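Okay, structure first, notes after.
As the structure is a prediction and not an experimental result, all values here were calculated from the model.
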Amino acid sequence: MLRLGAIELGPRPAVAIAIQRAEAPQALRDAAPGAIIELRLDALEDPAPAAAQAFAQRYTGFPLLATIRHAEEGGGWQGPEAARLACFRAVIPHVDAVDVEIAVGSITESVVAAAHDAGRLVIGSFHDFDATPTQERLEAVHAQGRSQGVDIVKVAARCNSPEDACRLAEFTLAHRSEQVIVVGMGPYGMASRIFFPALGSLITYTFLGEPTAPGQLNCQDTLTYLSSFYPQGMASTRDQGSDATNID
């Protein structure tokens with residue numbers, strides 16, 4: 001069983017709140033007690049490793065996921081890969097997991113190695129903001145992520161039809177025992193954020209402030225829907241420590 005900080009991934013839906021700027025820690029606790037906090041470090045005005053580290057340290061005690069999303073996959077990072085790797089290395093000791101792209105950039109395997117050396121979890125992600133890839137492309141992305149050594153493969157793709165959403169659902173079911181996160185973006189993908197956890201997707205994403213992806217539901221709506229459809233409840237922290245073993 002994988003854990004992200006003190007949260008066990010799998011038995012119940014886990015929620016990650018994406019933040020792109022400084023939010024009051026108490027506001028995050030009030031919005032979604034026990035949620036994973038995704039630090040979108042690519043949105044920081046200062047791209048220096050020290051600034052990324054300071055931002056992460058502000059949220060010590062939360063289950064933390066650090067993302068420095070490359071511009072080619074919808075993020076704000078446009079600098080050199082060496083500088084992005086330096087930021088990852090600066091924050092890895094202060095977070096529980098990192099998210100790095102599978103198919104873009106040149107640092108994936110270096111980030112995986114650095115995170116695993118520190119006992120941190122790695123999400124290898126793939127994003128298509130235009131369309132849902134073919135089944136063959138989805139399988140190739142999954143295989144590539146596994147070959148790079150990531151712990152969880154994340155696929156986020158725009159759904160332009162109900163058939164696209166069904167294709168992502170089939171992919172989720174096919175790999176539910178292999179640790180995946182699958183998200184449909186856009187109006188046809190919105191339901192995936194609530195129902196794909198029932199198919200095996202480990203984390204659903206929401207936001208405070210501004211959304212970080214098309215079709216993302218806000219925090220209040222996400223929690224309301226999840227509490228309605230999952231009688232077993234949502235995943236939550238067993239304690240407030242952030243030093244739990246991440247990879248079982």
Side-chain angles (χ1 to χ4, degrees), residues 2 4 7-19 31-32 35-38 40 65 67 69 73-75 97 99 101-103 123-142 144-145 150-208 210-235:
L2 296 181
L4 197 159
I7 294 181
E8 289 188 356
L9 299 177
R12 294 173 292 174
V15 177
I17 298 178
I19 60 172
I36 298 161
I37 306 303
E38 183 187 29
R40 286 299 301 267
L65 167 61
T67 299
R69 180 73 66 233
E73 291 211 8
D99 178 318
E101 296 82 11
I102 290 170
I123 297 172
S125 58
F126 168 86
H127 300 79
D128 190 326
F129 289 87
D130 296 320
T132 297
T134 64
Q135 198 69 35
E136 292 75 17
R137 176 60 175 149
L138 291 172
E139 293 298 334
V141 167
H142 182 267
Q144 183 177 1
V150 307
D151 302 297
I152 301 170
V153 172
K154 175 188 173 185
V155 171
R158 183 176 181 86
C159 296
N160 295 313
S161 67
E163 289 74 22
D164 287 343
C166 288
R167 188 180 313 132
L168 288 181
E170 291 171 0
F171 174 78
T172 308
L173 283 168
H175 296 285
R176 64 176 299 150
S177 64
E178 300 172 80
Q179 317 296 347
V180 293
I181 298 167
V182 185
V183 178
M185 296 186 288
Y188 286 104
M190 192 175 296
S192 72
R193 299 178 181 276
I194 303 303
F195 296 111
F196 277 17
L199 306 182
S201 182
L202 296 177
I203 300 174
T204 192
Y205 291 77
T206 183
F207 67 93
L208 286 183
E210 297 179 359
T212 57
Q216 202 172 48
L217 296 165
N218 66 39
C219 184
Q220 182 177 353
D221 288 346
T222 297
L223 296 179
T224 297
Y225 286 128
L226 289 176
S227 63
S228 297
F229 290 110
Y230 295 90
Q232 78 273 35
M234 290 167 281

TODO: Only counting residues at least two apart or in another chain, list the ones meeting side chain to side chain donor-acceptor pair (under 3.5 Å) with R176.
DONE: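 For R176, no residue satisfies side chain to side chain donor-acceptor pair (under 3.5 Å) once neighbours in sequence are set aside.
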- [ ] Tell me, please, which residues at least two apart from E38 pass side chain to side chain donor-acceptor pair (under 3.5 Å).
- [x]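 Scan of E38 (side chain to side chain donor-acceptor pair (under 3.5 Å), adjacent residues dropped) gives T67.
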Task: ring-ring contact (aromatic ring centres under 6.0 Å, His included) against F195, all qualifying residues, sequence neighbours excluded - done: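 For F195 the ring-ring contact (aromatic ring centres under 6.0 Å, His included) partners, ignoring immediate neighbours, are F229.
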Donor-acceptor under 3.5 Å ([X] side chain, [Y] main chain):
| X | Y | value |
| --- | --- | --- |
| D221 | L217 | no |
| T204 | R193 | yes |
| T206 | N218 | yes |

I want to check something: taking the side chain as every heavy atom from C-beta on, are [X] and [Y] in contact at a cut-off of under 4.5 Å?
| X | Y | value |
| --- | --- | --- |
| P214 | R158 | yes |
| I203 | L9 | yes |
| T132 | N160 | no |

Heavy-atom pair with the smallest gap, counting every atom of [X] and [Y]:
| X | Y | answer |
| --- | --- | --- |
| F196 | A169 | CZ-N, 3.6 Å |
| G189 | C159 | N-CB, 3.8 Å |
| A157 | A131 | CB-O, 3.7 Å |
| I181 | S201 | CA-OG, 3.5 Å |
| Q144 | I102 | NE2-O, 3.3 Å |
| V153 | G145 | CG2-CA, 4.3 Å |

- [ ] Show your working on side-chain contact (heavy atoms from CB on, under 4.5 Å) between I17 and I36 and close with a plain yes or no.
- [x] CA-CA 6 Å; I17 298 178; I36 298 161; over 6 Å; no
- [ ] Return each pair, listed once, that meets salt bridge (charged side-chain N to carboxylate O under 4.0 Å, His left out) where at least one residue sits in residues 130-139; pairs must be two or more places apart or across chains.
- [x]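 The answer is none; no pair qualifies.
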Task: side chain to side chain contact (heavy atoms under 4.5 Å, CB included) partners for P162, two or more places apart - done: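 P162 satisfies side chain to side chain contact (heavy atoms under 4.5 Å, CB included) with Y188 only.
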Open item on the list: For P211, give me all partners under side chain to side chain contact (heavy atoms under 4.5 Å, CB included), at least two apart in sequence or on another chain.
Closed with: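 Checked P211 against side chain to side chain contact (heavy atoms under 4.5 Å, CB included); matches are F207, Q216.
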TODO: Check the angle between the aromatic planes of F129 and H127 and answer parallel, tilted or perpendicular using the 30° and 60° thresholds.
DONE: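 Ring orientation, 0 to 90° scale: parallel.
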Open item on the list: Consider side-chain contact (heavy atoms from CB on, under 4.5 Å). Of V183, V141, V180, which one does V155 pass it with?
Closed with: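 By the side-chain contact (heavy atoms from CB on, under 4.5 Å) criterion, V155 pairs with just one of V183, V141, V180: V141.
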Open item on the list: If only side-chain N and O atoms count, and only distance matters, is there a donor-acceptor pair under 3.5 Å linking R69 with S125?
Closed with: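 Yes, a side-chain donor-acceptor pair sits under 3.5 Å.
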